[in-house]
Amino acid sequence: MHPRRPDGFDGLGYRGGARDEQGFGGAFPARSFSSASDLSHWVTTPPDIPGSRNLHWGEKSPPYGVPGPSTPLEGPAEEPFPGGSSGGGGGVPGQSTEQLNRFAGFGIGLASLFTENVLAHPCIVLRRQCQVNYHARHYHLTPFTVINIMYSFNKTQGPRALWKGMGSTFIVQGVTLGAEGIISEFTPLPREISHKWNPKQIGEHLLLKSLTYMVAMPFYSASLIETVQSEIIRDNTGILECVKEGIGRVIGLGVPHSKRLLPLLSLIFPTVLHGVLHYIISSIIQKFVLLILKRKTYSSHLAESTSPVQSMLDAYFPELIANFAASLCSDVILYPLETVLHRLHIQGTRTIIDNTDLGYEVLPINTQYEGMRDCINTIRQEEGVLGFYKGFGAVIIQYTLHAAVLQITKIIYSTLLQNSA
């Protein structure tokens, strides 16, 4: 499940992978602080942004003027680059460069978060509607048909048709983060894997993730209903309706459901499977891409003199690109499983969705899957293999938009740094 959100499914986990640096979340000893000479390690570190993709997990930016950690990060990519911004060298005044650097780091992280959680939400809505629409004759595998159907929804129902359920996705993310923090606080399960990891530690960490997904599962189910429910028959529900429906799903109260509603116990396995696989795949790809980019950057800095502007860009964008690649690959690889998961969650909830073939009218969800295996077999027999990829064009639009925002942000950042030089 993943909230472009997200390292897990939409809204139900992180999009970024786990970091292996020590000292995160209190699970491991914090790093010591020494003299002010070590401040150069922190000059290019952006402020702490909740959920930001440009911070190394296990690290926090020290307040302005506070010395950084005395222990340097391992690997050649973390060494100071020639022409770096640790002082006033390269023709850039140290004070103004540092202020601009911190401001730019905040802006870059904010732009990435805004793109993942706000600008991409219409793609999330249409993607989910296509996934649960077993009636659909048009699979919307390309971005061209997706754009056309988005225009039709906006024309017939207004802009709210593409932005519904956005508040509930943030609630699911909050529940996920809170559940993970509470469980790790009262159990020996680690939130992060230390640099010197072992199989037992990895197993305990994945167990923590599994328990977190189980706690957030009913709220994710309620959020999914809000994002696919047609705006034509949808009531003006409050922002906390997701919490109310999630609790009601657990205790068996709230909106009446049909007999085809699958019990939460039967949804645990596909939900946890999707979340853990998404987390593992994104973590591996993120580490791999980040290693390649930093080694390449380090080699280029050794081979030739690099400008301060390029050095500052190299401090931020490898992390963002690695997270972008990890999210994209994990979403693409697990898209068929996500389709099955969403159909199981939505079954029996008496949800009315929009007709993704016409762009108007509504359709009921009347599936009768007995479980995960039956759902997979039914989709393959009745809709073919491509039935698992309904709405895939929305994923292409989502990540194309994300890549464009990252590139525009990089251009703006480069221009600001060059003007300040």
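The first residue in the sequence is number 1, and the count goes up from there. The figures here come from the full heavy-atom set of this structure, side chains too, leaving out hydrogens, waters and symmetry mates.
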Participant: If we ignore hydrogens and angles and just use 3.5 Å, is the side chain of Asn323 paired with the main-chain N or O of Glu319 as donor and acceptor?
Facilitator: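 It does hold such a pair.
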Participant: Side chains of Leu189 and Leu211: closer than 4.5 Å at any heavy-atom pair?
Facilitator: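 Sidechains of Leu211 and Leu189: in contact.
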Participant: Under a 4.5 Å cut-off applied to non-hydrogen side-chain atoms, are Gln131 and Leu126 in contact?
Facilitator: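 Of all side-chain heavy-atom pairs linking Leu126 with Gln131, none is under 4.5 Å.
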Participant: Hey, are the side chains of Thr356 and Phe153 touching, using non-hydrogen atoms and a 4.5 Å cut-off?
Facilitator: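 The answer is yes; the side chains approach within 4.5 Å.
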Participant: Would you indicate whether the side-chain heavy atoms of Tyr139 and Glu383 approach each other to under 4.5 Å?
Facilitator: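 A side-chain contact exists here, since the closest heavy-atom pair is under 4.5 Å.
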Participant: Distance check, rounded to the nearest 0.5 Å: Lys209 atom NZ versus Ser184 atom OG?
Facilitator: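 Interatomic distance, Lys209 NZ to Ser184 OG, rounded to 0.5 Å: 9.5 Å.
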Participant: Which value, rounded to the nearest 0.5 Å, describes the distance between Cys329 atom SG and Ile284 atom CD1?
Facilitator: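 These two atoms lie 11.5 Å from each other.
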Participant: Between Tyr335 and Tyr389, what is the ring plane arrangement, given parallel below 30°, perpendicular above 60°, and tilted in between?
Facilitator: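 Ring orientation, 0 to 90° scale: parallel.
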Participant: Donor-acceptor pair, distance only, cut-off 3.5 Å: does the side chain of His345 make one with the backbone of Ala222?
Facilitator: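 Answer holds: no.
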Participant: Kindly give the heavy-atom pair with the smallest separation between Ser223 and Val172, and that separation in Å.
Facilitator: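 That would be CB-CG2, 3.7 Å.
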Participant: Hey, are the side chains of Ile202 and Trp197 touching, using non-hydrogen atoms and a 4.5 Å cut-off?
Facilitator: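 They are in contact (side-chain heavy atoms under 4.5 Å apart), so the answer is yes.
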Participant: Could you walk me through whether Val215 and Thr176 pass the side chain to side chain contact (heavy atoms under 4.5 Å, CB included) check?
Facilitator: CA-CA 8 Å; Val215 172; Thr176 304; over 6 Å; no
Participant: Distance check, rounded to the nearest 0.5 Å: Thr349 atom OG1 versus Ile225 atom CD1?
Facilitator: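 If I round to the nearest 0.5 Å, the distance is 4.0 Å.
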Participant: Pairs under 3.5 angstrom only: tabulate donor-acceptor contacts from the side chains of residues 369-376 to other protein residues two or more places apart or in another chain.
Facilitator:
{"unit_1": "Tyr369", "atom_1": "OH", "unit_2": "Arg343", "atom_2": "NH1", "d": "3.1"}
{"unit_1": "Asp374", "atom_1": "OD2", "unit_2": "Glu370", "atom_2": "N", "d": "3.0"}

Participant: Evaluate Tyr213 against His278 for side chain to side chain donor-acceptor pair (under 3.5 Å), listing each step before the verdict.
Facilitator: CA-CA 12 Å; Tyr213 297 142; His278 197 286; over 6 Å; no
Participant: Any side-chain to backbone donor/acceptor pair from Ser230 onto Ile353? Under 3.5 Å, distance only.
Facilitator: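 Side chain of Ser230 to backbone of Ile353: no pair is present.
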Participant: Could you pull out the closest heavy-atom pair between Thr156 and Gly359, with the gap in Å?
Facilitator: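 Result for this residue pair: OG1-O, 3.4 Å.
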Participant: Would you sort out whether Val272 and Ser210 count as a side chain to side chain contact (heavy atoms under 4.5 Å, CB included), showing the intermediate values?
Facilitator: CA-CA 6 Å; Val272 173; Ser210 301; 3.5 Å; yes
Participant: Examine Tyr279 together with His205 and report whether their ring centres are nearer than 6.0 Å.
Facilitator: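 That pair passes the under 6.0 Å test.
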Participant: Would you mind reporting whether Leu267 and Arg249 have side-chain heavy atoms less than 4.5 Å apart?
Facilitator: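 Yes. Closest side-chain heavy atoms under 4.5 Å.
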Participant: Atom CG in Leu406, atom CG in Leu401: separation rounded to 0.5 Å?
Facilitator: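 The CG atom of Leu401 is 9.5 Å from CG of Leu406, to the nearest 0.5 Å.
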Participant: Regarding Ser330 and Ser282, is there a side-chain donor-to-acceptor distance under 3.5 Å anywhere?
Facilitator: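 Result is no, nothing qualifies.
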Participant: Taking all non-hydrogen atoms of both residues, which atom of Pro190 and which atom of Leu208 are closest, and how far apart?
Facilitator: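 For Pro190 versus Leu208, the nearest heavy atoms are O-CD2, 3.3 Å.
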Participant: Applying side-chain hydrogen bond (donor to acceptor under 3.5 Å, both in side chains) between Gln129 and each of Thr227, Asp354, Asn355, report the one that passes.
Facilitator: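 Answer to the side-chain hydrogen bond (donor to acceptor under 3.5 Å, both in side chains) test with Gln129 among Thr227, Asp354, Asn355: Asp354.
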Participant: Mind listing the closest non-hydrogen atom pair of Leu334 and Leu277 along with its distance?
Facilitator: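 Looking at all heavy atoms of both residues, the shortest contact is CD1-C, 3.7 Å.
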Participant: How long is the straight-line distance from OH of Tyr134 back to OG1 of Thr339, given to the nearest 0.5 Å?
Facilitator: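 OH of Tyr134 is found 16.0 Å from OG1 of Thr339.
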Participant: Is there side-chain contact between Phe392 and Val332, with at least one heavy-atom pair below 4.5 Å?
Facilitator: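 Answer yes - side chains close enough.
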Participant: Calculate, to the nearest 0.5 Å, the distance between atoms CZ and CD1 belonging to Arg127 and Ile396 respectively.
Facilitator: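 Arg127 CZ to Ile396 CD1: 11.5 Å, rounded to 0.5 Å.
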Participant: For Asn148 and His138, what are the C-alpha separation, side-chain angles and deciding distance, and is it a side chain to side chain contact (heavy atoms under 4.5 Å, CB included)?
Facilitator: CA-CA 12 Å; Asn148 182 52; His138 301 290; over 6 Å; no
Participant: Sub-3.5 Å donor-acceptor pair from the side chain of Ser266 to the main-chain atoms of Pro263, do we have one?
Facilitator: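 Such a contact is found between Ser266 side chain and Pro263 backbone.
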Participant: Might you point out which heavy atoms bring Asn198 and Gln201 nearest each other, and give the distance in Å?
Facilitator: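 That would be OD1-N, 2.7 Å.
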Participant: Hey, is Arg128 close enough to Glu338 for a salt bridge, meaning N to O under 4.0 Å?
Facilitator: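 Judged by the 4.0 Å cut-off on N to carboxylate O distance, Arg128 and Glu338 do not form a salt bridge.
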Participant: Can you list everything that forms a side chain to side chain donor-acceptor pair (under 3.5 Å) with Thr145? Sequence neighbours excluded, please.
Facilitator: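 By the side chain to side chain donor-acceptor pair (under 3.5 Å) rule, Thr145 matches His140.
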Participant: Compare every heavy atom of Ala325 with every heavy atom of Val289, then report the nearest pair and how far apart it is.
Facilitator: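 For Val289 and Ala325, the tightest heavy-atom pair comes out as CG2-CB, 4.1 Å.
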Participant: Phe170 vs Asn117, test: side chain to side chain contact (heavy atoms under 4.5 Å, CB included). Steps then yes/no.
Facilitator: CA-CA 8 Å; Phe170 287 108; Asn117 297 282; 3.7 Å; yes
Participant: Taking NZ, NE, NH1 and NH2 as the nitrogens, is one of them in Lys164 or Glu231 under 4.0 Å from a carboxylate oxygen of the other?
Facilitator: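 Looking at Lys164 and Glu231, the cut-off is not met.
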Participant: Using side-chain heavy atoms (C-beta onward) and a distance below 4.5 Å, is Glu241 in contact with Ser168?
Facilitator: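 Contact flag for Glu241/Ser168 side chains = no.
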Participant: Do Lys390 side-chain atoms and Asn133 backbone N/O form a donor-acceptor pair below 3.5 Å?
Facilitator: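 Looks like yes, one N/O pair under 3.5 Å.
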Participant: Among all residues two or more places apart in sequence or in another chain, which pass the ring pair (Phe, Tyr, Trp, His ring centres under 6.0 Å) test with Phe219?
Facilitator: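 Residues passing ring pair (Phe, Tyr, Trp, His ring centres under 6.0 Å) with Phe219: none at all.
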